[in-house]
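One structure, pasted below without further comment.
Residue numbers begin at 1 in each chain, while the letters A, B, ... track the order of the sequences. These numbers come from the heavy atoms of this one structure, side chains and all, not from hydrogens, waters or symmetry mates.
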Protein chains: 2
Amino acid sequence: MKPGPRRSISQADIVDSAFEILEQKGFAAVSVRGVAAALGLTPTAMYTYFPSKNALLRAMVEQVLSTLDLDAARHSGTPWRDRLHALAAELRARLAEHTGAIVLVTSGPLDGPHARALGETLIAGFTSERMPLADAARAAHAVRAHVLGAAALDVAERPGEASVAAERTPLWTEATAYPLTEAAEALGADDDAGFAWALDRLLDGFATATAAPH
Amino acid sequence: MKPGPRRSISQADIVDSAFEILEQKGFAAVSVRGVAAALGLTPTAMYTYFPSKNALLRAMVEQVLSTLDLDAARHSGTPWRDRLHALAAELRARLAEHTGAIVLVTSGPLDGPHARALGETLIAGFTSERMPLADAARAAHAVRAHVLGAAALDVAERPGEASVAAERTPLWTEATAYPLTEAAEALGADDDAGFAWALDRLLDGFATATAAPH
DNA sequence: ACCTGAACACCGTTCAAGT
DNA sequence: ACCTGAACACCGTTCAAGT
């Protein structure tokens with residue numbers, strides 16, 4: 001193995017390898033050097049494919065978004081509400097799949113082709129329901145925010161790799177300072193059901209605003 | 001300046017210094033060494049105050065949340081919807097104040113005392129409106145997700161420090177592939193108004209669910 | 001065009017030692 | 001208890017050079 005034109009690898013291979021490391025060792029382990037080593041490359045060879053680590057991270061975000069079935073969301077066979085539910089659940093699942101995928105999304109601009117296509121699909125869906133464009137754009141924005149925020153809270157509520165026992169909140173919360181929170185937790189909430197419920201509430205709100213404008 | 005018990009500095013001073021660096025140089029510049037240098041300390045001295053960099057970041061999140069006026073949100077003088085709007089806007093403003101604050105929030109568990117107090121306050125507000133506890137917990141979760149997601153999209157849509165011109169999407173999007181998105185952008189959406197609108201839609205949805213359960 | 005090897009300016013964290 | 005200095009095992013990125 002000596003230098004020279006090899007082309008043994010593609011950008012997609014690098015992104016795949018980066019995701020493998022992300023899932024196995026967490027976000028902090030996704031390094032240019034680490035990904036290069038996993039592919040049998042020198043760190044500097046990486047800069048042939050991506051101009052910076054940031055570009056790699058952006059490519060990873062785009063790859064996640066590219067797996068969304070936007071065609072299904074556009075197909076008018078079933079009600080828009082059902083298609084939106086499926087799309088939102090799909091995106092949330094993709095973000096939940098790899099730990100640290102949300103950090104990826106929140107650590108840089110979300111302006112790749114697939115990100116824009118997602119936004120376009122959402123606006124199209126709402127306008128197809130006779131919603132004015134301005135409202136449809138707001139609704140699309142709200143849905144994206146809702147999915148992103150839910151995914152972020154998912155990882156925030158997860159046990160968490162980074163939280164060593166010693167770092168966790170100490171015992172100086174003598175009495176139950178958060179009775180409602182604990183009572184609610186005792187009810188055993190299902191995250192998936194809660195997500196769908198909240199999305200339905202948001203869509204209900206859209207419907208009332210469209211029915212009785214201003 | 002020689003070694004020895006000095007106690008010249010507090011945990012709060014360190015957190016403040018870290019926020020200064022965060023605002024001035026971005027999230028990547030918030031390093032143990034950098035914060036230590038800004039305070040005239042050796043990097044290793046930092047480990048007297050925080051067991052790890054992660055602990056520092058968590059303390060920063062708690063400091064942000066500690067500035068929220070939960071007492072005002074609990075005060076029953078004004079309608080709950082108004083108080084919630086104020087609280088949500090406050091949190092969103094705090095997250096928007098320092099660039100990279102969302103990365104902070106999404107990069108670790110959200111289980112500090114102030115984070116829990118915020119959740120408790122939200123549940124209490126919804127139950128005070130005769131909402132069943134299970135729904136109130138879901139509603140509180142949805143509101144937190146909504147604010148977090150909106151803040152995340154805010155920074156994602158911002159010009160972005162990290163995005164060099166060369167890294168931006170190239171011109172191979174010949175025609176306008178996203179007509180609705182561009183038409184909506186031409187309408188000149190106000191982020192603050194859009195955020196308030198979406199929150200109202202969510203609250204409307206809660207109201208209909210409470211009025212006509214299951 | 002694709003790759004290597006050396007180098008620069010950084011990281012977080014640990015450890016022994018000083019006061 | 002609070003701090004220093006040296007050290008370990010890492011980073012992202014650049015540059016000259018090889019094929």
Side-chain angles (χ1 to χ4, degrees), chain A residues 1-15 17-18 21-22 24-61 100 103-104 107-108 160-167, chain B residues 1-15 17-18 21-22 24-61 100 103-104 107-108 160-167:
Chain A
M1 288 258 203
K2 287 189 199 139
R6 217 55 52 78
R7 188 191 333 168
S8 53
I9 256 163
S10 71
Q11 292 196 29
D13 292 330
I14 294 179
V15 170
S17 184
I21 295 176
L22 179 68
Q24 290 175 1
K25 307 184 190 175
F27 182 72
V30 179
S31 65
V32 174
R33 296 172 115 103
V35 175
L39 291 164
L41 287 178
T42 275
T44 49
M46 296 283 295
Y47 289 82
T48 303
Y49 300 91
F50 295 100
S52 66
K53 181 185 180 179
N54 220 287
L56 208 198
L57 297 182
R58 284 160 140 271
M60 292 175 74
V61 172
V103 191
L104 231 61
S107 63
E161 25 169 336
S163 60
V164 190
E167 288 187 40
Chain B
M1 287 260 204
K2 288 188 199 142
R6 216 57 51 79
R7 187 190 336 166
S8 52
I9 257 164
S10 70
Q11 291 196 30
D13 292 330
I14 294 178
V15 170
S17 184
I21 295 176
L22 178 67
Q24 291 175 0
K25 306 184 191 174
F27 182 71
V30 179
S31 66
V32 174
R33 295 172 115 102
V35 175
L39 290 165
L41 286 178
T42 275
T44 48
M46 296 281 295
Y47 290 81
T48 304
Y49 300 91
F50 295 99
S52 66
K53 181 186 180 179
N54 221 288
L56 209 198
L57 297 182
R58 284 160 139 271
M60 291 175 75
V61 171
V103 192
L104 232 61
S107 63
E161 27 168 335
S163 60
V164 191
E167 288 187 39

With rounding to the nearest 0.5 Å, note down the distance linking CZ in F27(A) to CE in M60(A). 8.0 Å
Each nucleotide N or O in nucleotides 7-11 of chain D that has a protein N or O under 3.5 Å away: list the pair and distance.
from: dC11(D); atom 1: OP1; to: S31(A); atom 2: OG; distance (Å): 3.3

Any donor and acceptor pair, going by atom type alone, linking the side chain of S107(B) with main-chain N or O of V103(B) inside 3.5 Å? yes
What is the distance, to the nearest angstrom, from the CD1 atom on I9(B) to the C1' atom on dA1(D)? 15 Å
Which of dC3(C), dT14(D), dT4(D) is nearest the side chain of Y47(A)? It is dT14(D)
Please determine whether side-chain contact (heavy atoms from CB on, under 4.5 Å) holds for the pair Y49(B) and I9(B), giving the CA-CA distance in whole Å, both sets of side-chain angles, and the decisive distance to 0.1 Å. CA-CA 9 Å; Y49(B) 300 91; I9(B) 257 164; 3.7 Å; yes
Could you measure between the two C1' atoms, the one in dC10(C) and the one in dC8(D), and give it in whole Å? 15 Å
Stem segments of DNA chain D by first residue number [Watson-Crick or G-U, under 3.5 Å, at least 3]: C:4-8 with D:12-16, C:12-16 with D:4-8
Rounded to whole Å, how long is the line connecting atom CZ of F50(A) with atom P of dC3(C)? 13 Å
What is the distance, to the nearest angstrom, from the CG atom on L41(B) to the C1' atom on dG5(D)? 14 Å
In this structure, how many angstroms lie between the C1' atom of dG12(C) and the CZ atom of F27(B), rounded? 14 Å
Do the side-chain N or O atoms of Y49(B) get closer than 4.0 angstrom to the phosphate oxygens (OP1, OP2) of dA1(D)? no
Does A55(B) offer a backbone N or O that forms a donor-acceptor pair with the side chain of S52(B) under 3.5 Å? yes
How close or far is atom C1' of dG12(C) from atom CG of L57(B), stated in whole angstroms? 12 Å
Atom CE of M46(B) and atom P of dG5(D) are separated, to the nearest Å, by 17 Å
On a whole-Å scale, what distance lies between the P atoms belonging to dA9(C) and dA9(D)? 22 Å
Please check the phosphate of dC2(C) (OP1 and OP2 only) for any side-chain N or O of T48(A) closer than 4.0 Å. no
Using the side-chain contact (heavy atoms from CB on, under 4.5 Å) rule, take L56(B) and Q11(B) through it: C-alpha gap first, then chi angles, then the decisive distance, then the call. CA-CA 9 Å; L56(B) 209 198; Q11(B) 291 196 30; over 6 Å; no
For N54(A) and dG12(D), what is the distance between atoms CG and C1' respectively, to the nearest whole Å? 11 Å
Write down the distance between CG (L56(A)) and C1' (dT13(D)), rounded to a whole number of angstrom. 14 Å
